[in-house]
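Some notes on the structure that comes next.
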Amino acid sequence: MEYPFIEIEKKWQKIWEEKKIFAAQDKSNKEKKYILSMFPYPSGDLHMGHISNYSIGDALTRFYLQSGYNVMQPMGYDSFGMPAENFAIQHNSHPKITTEENISKMKKQLTSMGFGLDWSRELSTCRPDYYRWGQWLFKKMYEKGLVYKKKSFVNWCPDCATVLANEQVEEGGCWRCGTTVVQKELEQWFAKITDYAEELLDTSDLLDWPAKVKLMQKNWIGRSTGVTIDFIYGEQKLPVFTTRPDTIFGVTFMAIAPEHPLTQSFLQAEGEDSQLYKFCQKVMNQDNSQRTAEDKEKEGIFTGRHCINPVNGEKVEIWITNYVLMDYGTGAVMAVPAHDIRDFLFAKKYQIAIKVVVQNEEKNLDANTMQEAFIEDGTMVNSAQFDQMGNRQCLEQIADWIDQQGYGKKSINYKLRDWGLSRQRYWGNPIPVVYCEKCGTQLVPDEQLPVLLPDDIQIGKTKQNPLLSATEWQKTTCPKCGGAATRETDTMDTFVDSSWYFARYCDAHNQQAPFSKDKANYWLPVDQYIGGIEHAVLHLLYARFFHKFMRDIGLVDCNEPFSRLLTQGMVCMQSYKCPKDGYLFPQDAIIEGKSATCALCGSPVTIGSIEKMSKSKKNVVNPNDYLQRYGADTLRTFVLFASPPEKDVDWNDKAVGGAFRFLNRVYKVFVKNKKFLEQDYTPAGDISAEYKELRYSSHYTIKKAIGYVREKMQFNTAIAAVMEHLNNLYAASSPTTDAEKALYKEAHILIPQIIYPFAPHLCEEIWEMIGKHKLLHDSGLPSYDEKFLVKNDITFVIQVMGKIRAQLETTKNTPKEEIIAEAKEIANVKKFLAGKTIIKEIVVPGKLVNFVVR
RNA sequence: GCGAGAGUGGUGAAAUUGGUAAACGCACUGGAUUUAGGAUCCAGCGAGCUAUGCUCUUGGGGGUUCAAGUCCCCCCUCUCGCACCA
């Protein structure tokens, strides 16, 4: 017999919708909890990652409702962007249409999973009522000087035909399609995230973020302290940043990037036929991944020019090299071959002088004989007044001296770059800017917001931004002079849309502002955010930046958007690749032992690694199959039971049946004892030892399961505890006295109360079945009594020299001496004590006895 | 190279934080019931042995302790992140 999950789930989903129990109140005398799962791109299909993510969020939502909080769990869609645009192109439609279609499909699936989402706050980033406020925020940033337009070299994905932020380049490829990213010089909008670098490093308000994510952000921001030293080139200054001012006397050449302004002036002087020009062209034509490859040979060319080291007036050769990057520091490096690995290799290759300024302990470092750079600490030499000092000790002193003498300035450098916001794509939020020939760059006035995306547009015809051909749309008037003006055709990175959506949920339909301050201050920060680790230095960093900006313009009071973060593990699966058919769905690979053949063409298949499920790898499983076969409760229980939430799971559907069996067993015991459970029992009469055990099991399960959920979000062990209790309940014989009946009933009803967050439909059903009138989310959590957790009969473990030799059944109040005496009488213990002297007797109360013998 | 994390049965994983390693589930094996079962129930399930018991076992090797999966030191392997960062 299978429990009728289809009817049950439909029934309760309807009831929840009608009663609107997940519509959160914006004010409440209850404490608030804001539970948020990262909103999805509306592909039209929920995948296992979503199921896992939202099952966690919903378990917490329902658990906190039970605990008496005012809980908000909203849902929306990250619906702008390339995938949506491409989807529409493929389906020969318009993203506006396909996106809404996909959204309604997804909403249906989310509902059929029984997720308790507050649909009254639903948002979609591509709807004008949302993106209007994105434009408004952009304007605020502009007014504050936090966005600017600049011509520079940017990452360009030729396939997506758009610019990418630094954070969106992974191993030299586009984070989305993997195409090798090239550098292109373009005029682009940037957001000054670097203004917040220092504050973003402060993670003290991130209460429960994984250390890994905090560290990744820290490394990404890449703060280093040092000195910017102005070398002198004629009348000009040539600033360099260094973290090693202690080696300033060891500089033997200057290495600058081909993109450096000084290089550009040299090139103008030398002309296009020069060696210098050719070298620079060669280097600059390489894409970044090639240029920064680990094994890349260091190359350079002497410019024939020199600059002056300000501290000692020495003439220093200026070289253009391929290993100095324009976008870090000043694009110029003071090279100290004796004490830097790269500089050493370069100096050796081009026979440039090497000068030792930090001597090793053996005092045998010699510029002529050294085989590698000496990068450890030592004693300063050849460094004027600093000689004989420890280099590490006088680092600060030298920095101060350089600063005071005016040779340079103590400074801090960040690896973090400003966030490139412009995208040369149609399906995104238009940047609310117009260009007037007379007045220049002008913001679109508030009353004209939103700048609507034009609908009548051809997409997918060329790789060019479709907005460039929307000439009518581009034509507008200048808000300042009223003359003719042209609209900006770049749209915003979709990460802008997702950088503030958590705040919009607090007041999703506000027409006057992005959200009201009161409501935002009530709900924010998000108490528990759940999402994938892949956003560690993308969304999670951008959102923190945006939030701080919103705080600074007075929209919110708190410092951080997400106080707790759970990075949920990925759902992974084996991938198979056929030489002819490419990636295969698992069902298309016939596996025999360790080899596999393609079911489509019969060729041998390579069994790939276990990878995150993705459509492109064709290793996805469709949640709908499981939904139909086992129902939402089983699927939810299964994904939560499979492993702790932050861990990756390799999909294995065999275990789904286990979750189903468990829920079936729960249902069955309630159906069987329905009549019994409808009545109340006053505890009177004797309680057998067996029933005392059952009582212990009930109270222990409540404590353990609730503790696991609240303290650790370890749903797998919480479910395991209930499974164990259910086994105990099945094993119990029928109650005889009223006291036992009360305990028997207690042992039943805690089950739906505890597993409600995981299998809510089933639990509501059996809750109703036993005559409860309130819904479960509103019925509180079961409580336990410590006094029933103290066992009267205790099993002591008896060890001799730390090895278990016997077990001793005893009662709670047996004195220590008696336990020891009894333990010594056990045959097997006697055997190991024979002929030995006991030198120590260790008794761990309620647990074990250990005899130390000689 | 730098940084972080992980390594426990056939398998997913537990272990009250130093106190009976492998709870709970899956798979498997046997049995019961059944026309049948991809249903249900019962039992078994780390390895080995001279088997009422003993020995070994949490990647490997040392150490601390009466007692170590857990603490300390060394090594190995894997995963992830960053990577010419001046």
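Just so we're on the same page: letters track the sequence lines, and every chain starts at 1. Keep in mind that this is a model prediction, so the values were computed, not measured.
A pairwise comparison of heavy atoms in Glu167(A) and Leu416(A) identifies OE2-CD1, 3.9 Å as the closest pair. Annotation for Asn166(A) and Asn155(A): closest pair OD1-ND2, 3.0 Å, computed over non-hydrogen atoms. Among all heavy-atom pairs drawn from Pro757(A) and Arg636(A), the shortest one is O-NH2, 3.1 Å. Closest approach of Val240(A) to Thr330(A), counting heavy atoms only: CA-OG1, 3.4 Å. In terms of heavy-atom proximity, Val181(A) sits nearest to Cys174(A) at CG2-N, 3.5 Å. The heavy-atom pair separating Phe231(A) from Ile248(A) by the smallest distance is CZ-CD1, 3.9 Å.
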B/S/- contact track for nucleotides 9-15 of chain B, protein heavy atom under 4.0 Å: ---BSSS

Base versus backbone protein contacts along nucleotides 49-58 of chain B [heavy-atom cut-off under 4.0 Å; B, S, -]: ----SSSS--

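Legend: residues meeting side-chain contact (heavy atoms from CB on, under 4.5 Å) with Ser224(A), ordered by chain and number and at least two apart, are Phe241(A), Thr243(A), Tyr328(A), Asn413(A). Taking the side-chain contact (heavy atoms from CB on, under 4.5 Å) definition, one finds that Asn727(A) meets it with Arg665(A), sequence neighbours left out. By the ring-ring contact (aromatic ring centres under 6.0 Å, His included) test, Phe344(A) is found to be paired with no residue, residues two or more places apart in sequence or in another chain being considered. Under the rule for a ring-ring contact (aromatic ring centres under 6.0 Å, His included), His725(A) has no partner lying at least two apart in sequence or in another chain. Applying the side-chain contact (heavy atoms from CB on, under 4.5 Å) rule to Ile826(A) yields the partners Ile798(A), Ala806(A), Leu808(A), Val829(A); only residues at least two apart in sequence or on another chain are considered. Every ring-ring contact (aromatic ring centres under 6.0 Å, His included) that Trp651(A) has, sequence neighbours left out, goes to Tyr626(A), Phe638(A).
Salt bridge annotation for Lys212(A)-Glu646(A): absent, with no cationic side-chain nitrogen under 4.0 angstrom from a carboxylate oxygen.
Note on Arg223(A): nothing from the nucleic acid sits closer than 4.0 angstrom, heavy atoms only. Using a 4.0 Å heavy-atom distance criterion, Lys654(A) is classed as a sugar-phosphate-only contact.
At least one donor-acceptor pair closer than 3.5 Å links the side chain of His339(A) to the backbone N or O of Val358(A).
Minimum atom distance to the side chain of Val797(A) is reached by U20(B), of the listed A83(B), U40(B), U20(B). Checking G25(B), A4(B), C82(B) against every side-chain atom of Met723(A), the shortest atom distance belongs to G25(B). Closest to the Arg661(A) side chain, of the nucleotides A27(B), C84(B), G81(B), is A27(B).
Between the C1' atom of C24(B) and the CD1 atom of Ile754(A) lies a distance of 15 Å, rounded to the nearest Å. In this structure, the CG atom of Leu729(A) is 15 Å from the P atom of C24(B), given to the nearest Å. Between the NZ atom of Lys612(A) and the C1' atom of C80(B) there is a distance of 14 Å, rounded to whole Å. The distance from atom CG of Leu215(A) to atom P of A6(B) is 14 Å, rounded to the nearest whole Å. Note: CD (Glu259(A)) to C1' (C84(B)) measures 14 Å, nearest angstrom.
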Base-pairing string, 5' to 3', of RNA chain B - Watson-Crick or wobble, under 3.5 Å, | interstrand: (((((((..(((......[....))).(((((.......))))).((((...))))..(((((..]....))))))))))))....

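Comparing the C1' positions of A13(B) and A27(B) gives an interatomic distance of 14 Å, to the nearest angstrom. For the P atom pair drawn from U64(B) and C73(B), the interatomic distance equals 15 Å after rounding to whole Å. Of the C1' atoms belonging to A15(B) and U8(B), the separation is 11 Å, rounded to the nearest Å. When the C1' atom is compared between A22(B) and A47(B), the two are found 13 Å apart, to the nearest whole Å. C56(B) and A43(B) are spaced 27 Å apart, taking the C1' atom of each and rounding to whole Å.
Along RNA chain B, the nucleotide nearest Lys212(A) and the nucleotide nearest Asn413(A) are compared for position; the residue whose nucleotide lies closer to the 5' end is Lys212(A).
Within the 4.0 Å cut-off from OP1 or OP2 of G25(B), at least one side-chain nitrogen or oxygen of Asn727(A) is found.
A tilted orientation is assigned to the rings of Tyr667(A) and Tyr3(A), their planes being inclined by 30° to 60°.
U64(B): glycosidic angle beyond 90° from 0, hence anti.
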Between the protein and nucleotides 29-37 of chain B, are there any N/O to N/O pairs under 3.5 Å, and if so, what are the atom names and distances?
none

Atom pairs, protein N/O to nucleotides 61-68 of chain B N/O, distance under 3.5 Å:
unit_1 : atom_1 : unit_2    : atom_2 : d
C66(B) : O2'    : Asn850(A) : ND2    : 3.1
C66(B) : O2     : Asn850(A) : ND2    : 2.6

Donor-acceptor pairs under 3.5 Å, side chain of residues 706-723 of chain A to any protein atom, not counting sequence neighbours: which ones?
unit_1    : atom_1 : unit_2    : atom_2 : d
Gln714(A) : NE2    : Thr717(A) : OG1    : 3.1
Thr717(A) : OG1    : Gln714(A) : O      : 3.1

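Put simply, the side chain of Lys298(A) and the base of C84(B) share a donor and an acceptor less than 3.5 Å apart.
A donor-acceptor contact closer than 3.5 angstrom links the side chains of Glu809(A) and Thr795(A).
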